[in-house]
Amino acid sequence: RPVRDENEITGAKLGTLVHAVMEHIGFEEDTAVAAAKRLYEREIITDAERDAIEKNAPMIDAFFTTGLAERIRRSKKVIKEMPFNVLVPASGIGYASGLAVTVQGVLDLAFMEDDAWVLVDYKTDYVQGGVQEYKKIYEKQLSLYADALRTITGIPVKERWLCFLRNNLQVEV
């Protein structure tokens with residue numbers, strides 16, 4: 001087994017685990033528990049990490065009952081956890097400089113629908129109150145990710161979605 005800290009799994013660590021499950025889970029008749037078992041058997045995650053995924057499985061599995069998940073299932077082209085590096089004007093990320101900067105990221109999921117991409121970003125934040133504040137927090141990130149996907153593939157992005165898994169809430173940005 002990998003040598004890792006077996007302390008309680010919280011916060012960012014749980015977010016990382018959830019993203020790993022979402023990358024490896026099948027959208028057809030699969031569950032978070034089954035995906036966690038496969039990751040554990042392949043020695044990608046520890047006992048404690050598998051337990052944390054199993055504890056949070058209802059949060060993950062609920063996403064697969066949504067209309068957005070159904071659209072993903074119908075798509076003929078789905079990409080998951082795609083790392084990217086793109087050069088963007090510094091002004092595009094809030095700097096006054098005329099220089100360009102490299103932006104790195106990992107697209108959680110994108111799927112093709114009507115000859116355009118739909119971008120999906122998973123969040124494990126617990127949304128309290130209205131979603132407008134959360135949309136504002138993540139809007140720039142999703143805009144950069146959409147620009148990167150369009151630049152890399154040459155295909156437009158028609159929708160950008162935030163999926164707050166703890167609330168089973170999908171919000172178009």
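Below, each value reflects all heavy atoms present in this structure, side chains not excepted, and no hydrogens, waters or symmetry copies. Counting from 1, the numbers follow the sequence of the chain as shown.
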Between [X] and [Y], is there a donor-acceptor pair closer than 3.5 Å when you use the side chain of the first and the backbone of the second?
| X | Y | value |
| --- | --- | --- |
| Thr151 | Asp147 | yes |
| Asp121 | Leu162 | no |
| Arg38 | His24 | yes |
| Ser75 | Met112 | yes |

Verify same cluster id: [X], [Y] (apolar side-chain graph, 4.5 Å):
| X | Y | value |
| --- | --- | --- |
| Val103 | Leu142 | yes |
| Ile25 | Val78 | yes |
| Ile155 | Leu144 | yes |
| Tyr40 | Ile44 | yes |

Is the shortest heavy-atom distance from the side chain of [X] to the side chain of [Y] under 4.5 Å?
| X | Y | answer |
| --- | --- | --- |
| Tyr126 | Asn167 | yes |
| Phe63 | Gln170 | yes |
| Glu41 | Arg50 | no |
| Val18 | Ile60 | yes |
| Val171 | Lys135 | yes |
| Leu68 | Val120 | yes |

Q: Let me see the working for Val127 and Arg166 under side chain to side chain contact (heavy atoms under 4.5 Å, CB included), right down to the final yes or no.
A: CA-CA 8 Å; Val127 175; Arg166 287 189 188 278; over 6 Å; no

Val86/Ile152 under side chain to side chain contact (heavy atoms under 4.5 Å, CB included): CA gap, chis, key distance, verdict: CA-CA 8 Å; Val86 291; Ile152 292 165; 4.3 Å; yes

Do [X] and [Y] sit within salt-bridge range, that is, some charged N less than 4.0 Å from a carboxylate O?
| X | Y | value |
| --- | --- | --- |
| Lys80 | Asp108 | no |
| Asp115 | Lys77 | no |
| Arg73 | Glu70 | yes |
| Glu172 | Arg160 | no |

For the aromatic rings, using the six-membered ring if either is Trp, is the centroid distance between Phe164 and Tyr122 under 6.0 Å?
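Ring-ring flag for Phe164/Tyr122: false, centres at least 6.0 Å apart.
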
Check: Phe84 ring centre within less than 6.0 Å of Tyr145 ring centre:
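Yes, close enough.
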
Gap separating the [atom1] atom of [X] from the [atom2] atom of [Y], nearest 0.5 angstrom:
| X | Y | atom1 | atom2 | value |
| --- | --- | --- | --- | --- |
| His19 | Leu14 | NE2 | CG | 10.5 Å |
| Trp117 | Ile79 | CH2 | CD1 | 4.5 Å |
| Leu17 | Thr124 | CG | OG1 | 10.0 Å |
| Lys37 | Ile45 | NZ | CD1 | 12.5 Å |
| Glu139 | Gln132 | CD | CD | 9.5 Å |
| Leu119 | Lys158 | CG | NZ | 13.0 Å |

ask   = Going by distance alone, is a donor N or O of one side chain under 3.5 Å from an acceptor N or O of the other, for Asp125 and Tyr138?
value =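 Yes.
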
**OP:** Measure across Leu149 and Ala110 and return the closest heavy-atom pair with its distance rounded to 0.1 Å.
**Re:**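 That would be CD2-CB, 3.7 Å.
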
Practice item. With side chain to side chain donor-acceptor pair (under 3.5 Å) as the test, would you mind laying out the steps for Asn56 and Glu54 before giving the verdict? Key: CA-CA 5 Å; Asn56 288 280; Glu54 289 177 358; over 6 Å; no

**Asked** Does the side chain to side chain contact (heavy atoms under 4.5 Å, CB included) test come out yes or no for Glu159 and Arg71, once each step is laid out?
**Response** CA-CA 12 Å; Glu159 295 174 24; Arg71 290 171 63 193; 2.9 Å; yes

- Message: As a quick check of understanding, evaluate side chain to side chain contact (heavy atoms under 4.5 Å, CB included) for Asn168 and Thr66, giving each step before the final call.
- Response: CA-CA 8 Å; Asn168 196 21; Thr66 67; 3.4 Å; yes

